[in-house]
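Taking it in order: structure first as C-alpha cells, then the write-up.
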Amino acid sequence: MAAGKGTRMKSRLPKVLHRLAGRALLQHVVDTAAGLNARRVVVITGHGAAEVEAGVVHPGGGLLQFVRQEPQLGTGHAVQQAVPALPDDGMVVVLSGDVPLTHTDTLRVLIEACGGDKLALLTIAFDDPTGYGRIVRDGAGAVQAIVEHKDACEAQRQIREVYSGIMAAPARLLKPWLGQLNNRNAQGEYYLTDVVKLAVAQGVPVVGHRISDALQVAGVNSPVQLAELERAYQQRVARGLMEQGVRLADPARFDLRGELRCGQDVEIDVNCIFAGEVELGEGVRIGAHCFISNARIAAGAVIHAYTHIEGGISAKDRIEVGAGALIGPYARLRPGARLGDEVHIGNFVEIKASTLARGAKANHLAYIGDSKVGERVNYGAGSITANYDGANKHTTVIEADVHIGSNCVLIAPVTIGAGGTVGGGSTITKDTAPGVLTVARATQVSLSNWKRPEKKK
Ligand code: UD1
Ligand code: CA
C-alpha cells in the first residue's frame with residue numbers, strides 16, 4: 001500500500017519516496033517482498049502515483065505491477081484495487097509502503113503461520129498503543145477482531161497488543177472478505193482490518209504472530225520519525241559491523257547507504273558515509289569525514305580524512321584503489337578512477353576515468369582525467385590534463401617513470417614517452433620521445449636597464 005498522502009511529512013515528495021539509508025521507503029518494502037520470492041509484487045499507488053511508480057524498481061529486474069487507488073477510501077479499499085492482480089492459488093502478504101524495516105525472515109514465519117488456510121497477523125505490544133488497531137482476543141486467547149483506536153471503547157483501548165499493518169492470507173479467502181467490507185465506522189473508511197471479523201465468522205482461524213522488535217514495524221509519518229528510524233537503522237548496521245570485527249571510532253557517527261563488506265582489522269573514523277557497494281580489504285583505514293561510494297579498496301590502503309571517492313554503479317564507473325595506496329586528505333576520486341598498488345594521491349588532487357599504475361604519485365593540487373598513467377610516474381603539483389576541447393574528450397598517456405613538473409598543462413590527445421621529464425610550467429601539445437626532457441614555456445629573460453614607472457608629480 002503506497003497510496004496515502006503523508007500529510008505530516010509536509011513535503012512535495014510523496015512520503016514513500018523519502019529516503020532511508022539512501023533508498024526510498026517504498027523501495028525497502030519492495031526489496032523485502034522480492035526477497036520472499038514473491039510471484040508478483042503489486043504496488044498500490046494514489047497520491048503522486050506517477051512519481052511513485054517511476055521511483056521504485058524490482059531489485060531482480062523483474063516486473064513490478066502497479067494498481068491505482070483513486071480516491072483513497074481506506075486500507076481495505078486499497079487492497080480491493082489489487083484483487084485482479086492476485087492469483088487465486090496464491091498467498092497475499094500485505095505490507096505498507098511507509099514501514100521500511102521488516103525482515104524477510106519475519107514475513108517467512110508469518111507466511112508459515114498462515115499455512116495456506118488461516119489469516120495471520122503480525123502483532124506487537126506497545127506501552128503506548130495510542131492510534132493503533134487493537135488485537136481483541138477471547139478468553140482462550142483466540143483473535144476475535146482488530147478494533148481501530150478511534151472505534152475502540154475504553155476497555156479495548158487498554159489492550160497493548162496492536163496490529164502492525166502486516167498480514168498474510170490465502171488469496172482465495174481474502175478476496176471474498178474484501179468484497180464484504182463496509183465503511184460504517186468512526187473514520188468512514190473501508191478498513192482492511194475488518195477482514196478479521198469476517199474470518200472469525202466463517203470459522204477461519206486467525207493467528208497473531210507477535211514480535212518484540214519495534215523497528216521492524218515502525219512506520220514513517222514525519223521528518224522526525226524518519227530521522228529516528230534512520231538512526232536506529234544505522235546503529236544496528238554499525239553494531240553488526242563491529243560484531244564482525246570492524247573498528248568504528250563512534251557507531252553513532254557512521255552512515256551506510258548501501259552495502260559494505262570489510263576484511264579483517266578495518267578501522268573507520270567518525271562521520272564517514274558509505275554508499276552503493278563498497279568493499280574494504282584487510283587492514284584498510286578510513287579517516288574522518290570521508291564519502292565513499294561504489295568502490296573497492298584493497299588491503300592496507302589508507303584513506304585520509306575528507307576524501308571523496310565517488311564511484312558510479314556501472315562497471316566502468318566503479319573505483320578501484322590498490323593495496324597499500326595512500327589517498328588524501330582532501331582527495332577526490334571520480335567515476336572510473338583505477339589506482340594500482342602503492343599509488344599516492346595527495347590533497348586537492350582530482351582523478352577521473354583514469355588508470356594509475358603501481359607506485360604512481362600525484363601529491364598536490366592536480367587533475368588527471370581520461371588518462372593512462374604508468375608505473376612510478378611522479379605528477380607535479382598544479383599540473384593538469386586538458387582532456388576536453390569543448391566538444392570531445394581525449395586521452396593522455398603518461399608512460400612509466402615519467403616526471404611531470406609543477407604547473408604543467410598536458411593538452412590531450414598526447415603521449416609522454418617512458419622515462420621522460422616535463423619541465424615545470426610547460427604546456428605540452430605534442431607527443432614526447434622516451435627519456436628526454438621537454439620544456440615548453442617562454443624563455444626567462446632578465447633586464448638590468450629596466451626602471452619601474454613612477455607616479456607623476
Ligand atoms: C493501519 C491499521 C491499524 C494498524 C496501523 C499500523 C487499518 C484500518 N488500520 O492504521 O490497525 O495498527 O495501520 O500502522 O488498516 N493507504 C492506502 N490507501 C488508503 C489508506 C491508506 O494506500 O486509502 C496506505 C497508507 O499510505 C499507508 C498504509 O496504507 O502506507 C496504512 O495506512 P494508514 O492510514 O497509515 O493506516 P493507520 O490508520 O495507521
Ligand atoms: Ca500509519
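Every number for a ligand or one of its atoms is a count from 1 in the order of the listing.
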Checking Ile368, Leu339, Thr396 against Val373 for side-chain contact (heavy atoms from CB on, under 4.5 Å), the one that qualifies is Ile368

For atom CZ of Arg247, decide whether the heavy atoms of other residues, nucleotides or ligands shown that lie under 6.0 angstrom number more than 12. yes

Check ion pair Asp317-Lys352 (N to O, under 4.0 angstrom): no

Answer yes or no: does an N/O atom from Gly4 fall short of 3.5 Å to an N/O atom of ligand 1? yes

Tell me the nearest of Gln80, Lys5, Gln69, Lys150 to atom 18 (N) of ligand 1, using heavy-atom distances. Gln69

Applying a strict 4.0 Å limit to heavy atoms, is Gly46 in contact with ligand 1? no

Contact partition for His77 relative to ligand 1, non-hydrogen atoms under 4.0 Å: neither

What about Glu148: any of its N or O atoms under 3.5 Å from an N or O on ligand 1? yes

Of the side chain and backbone of Ala78, name the one, both, or neither that has a heavy atom under 4.0 Å from an atom of ligand 1. side chain

Report the part of Leu73 in contact with ligand 1, treating N, CA, C, O as backbone and CB onward as side chain, heavy atoms under 4.0 Å; options are side chain, backbone, both, neither. backbone

Looking only at heavy atoms, is any part of Lys15 under 4.0 Å from ligand 1, and if so is it the side chain, the backbone, or both, or is it neither? neither

Between Ser96, Gly131, Ala3, flag the one that comes closest to atom 28 (C) of ligand 1 by a heavy atom. Ser96

Between Arg358 and Asp341 (salt bridge meaning N to carboxylate O under 4.0 Å), is one present in this structure? yes

Thr75 heavy atoms, cut-off 4.0 Å: which ligand 1 atoms fall inside? 7 (C), 8 (C), 15 (O), 20 (C), 21 (C), 29 (O), 31 (C), 32 (O)

Taking the non-hydrogen atoms of Thr193, is any one of them nearer than 4.0 angstrom to ligand 1? yes

Please identify which of these residues, Lys10, Lys5, Met9, meets the side-chain contact (heavy atoms from CB on, under 4.5 Å) condition with Thr7. Lys5

Residue-ligand contact Gly74/ligand 1, heavy atom below 4.0 Å: yes

Is Lys15 salt-bridged to Asp98, going by a charged N under 4.0 Å from an acidic O? yes

Note: Arg23-Asp31 ion pair, threshold 4.0 Å (strictly below): yes

Write down the atom of Lys118, the atom of Val204, and the distance for their closest heavy-atom approach. CA-CG1, 4.1 Å

Report, in ascending order of atom number, the atoms of ligand 1 lying under 4.0 Å from any heavy atom of Met1. 22 (O), 24 (C), 28 (C), 29 (O), 30 (O)

Judged by heavy atoms only, the candidate from Phe126, Tyr191, Tyr163, Tyr190 nearest atom 4 (C) of ligand 1 is Tyr163

Less than 6.0 angstrom separating the ring centers of Tyr132 and Phe126, yes or no? yes

Relative to the heavy atoms of Gly133, which atoms of ligand 1 are at a distance of less than 4.0 Å? 3 (C), 4 (C), 11 (O), 12 (O)

Has Val162 got any heavy atom lying under 4.0 angstrom from an atom of ligand 1? no

Glu277 with Arg261: basic N within carboxylate O range, under 4.0 Å: no

Take atom NZ of Lys197 as the centre, draw a 6.0 Å sphere, and report whether it contains more than 12 heavy atoms from other residues, nucleotides or ligands. no

Can you sort out which atoms of ligand 1 are near Ser164, meaning under 4.0 Å from one of its heavy atoms? 6 (C), 14 (O)

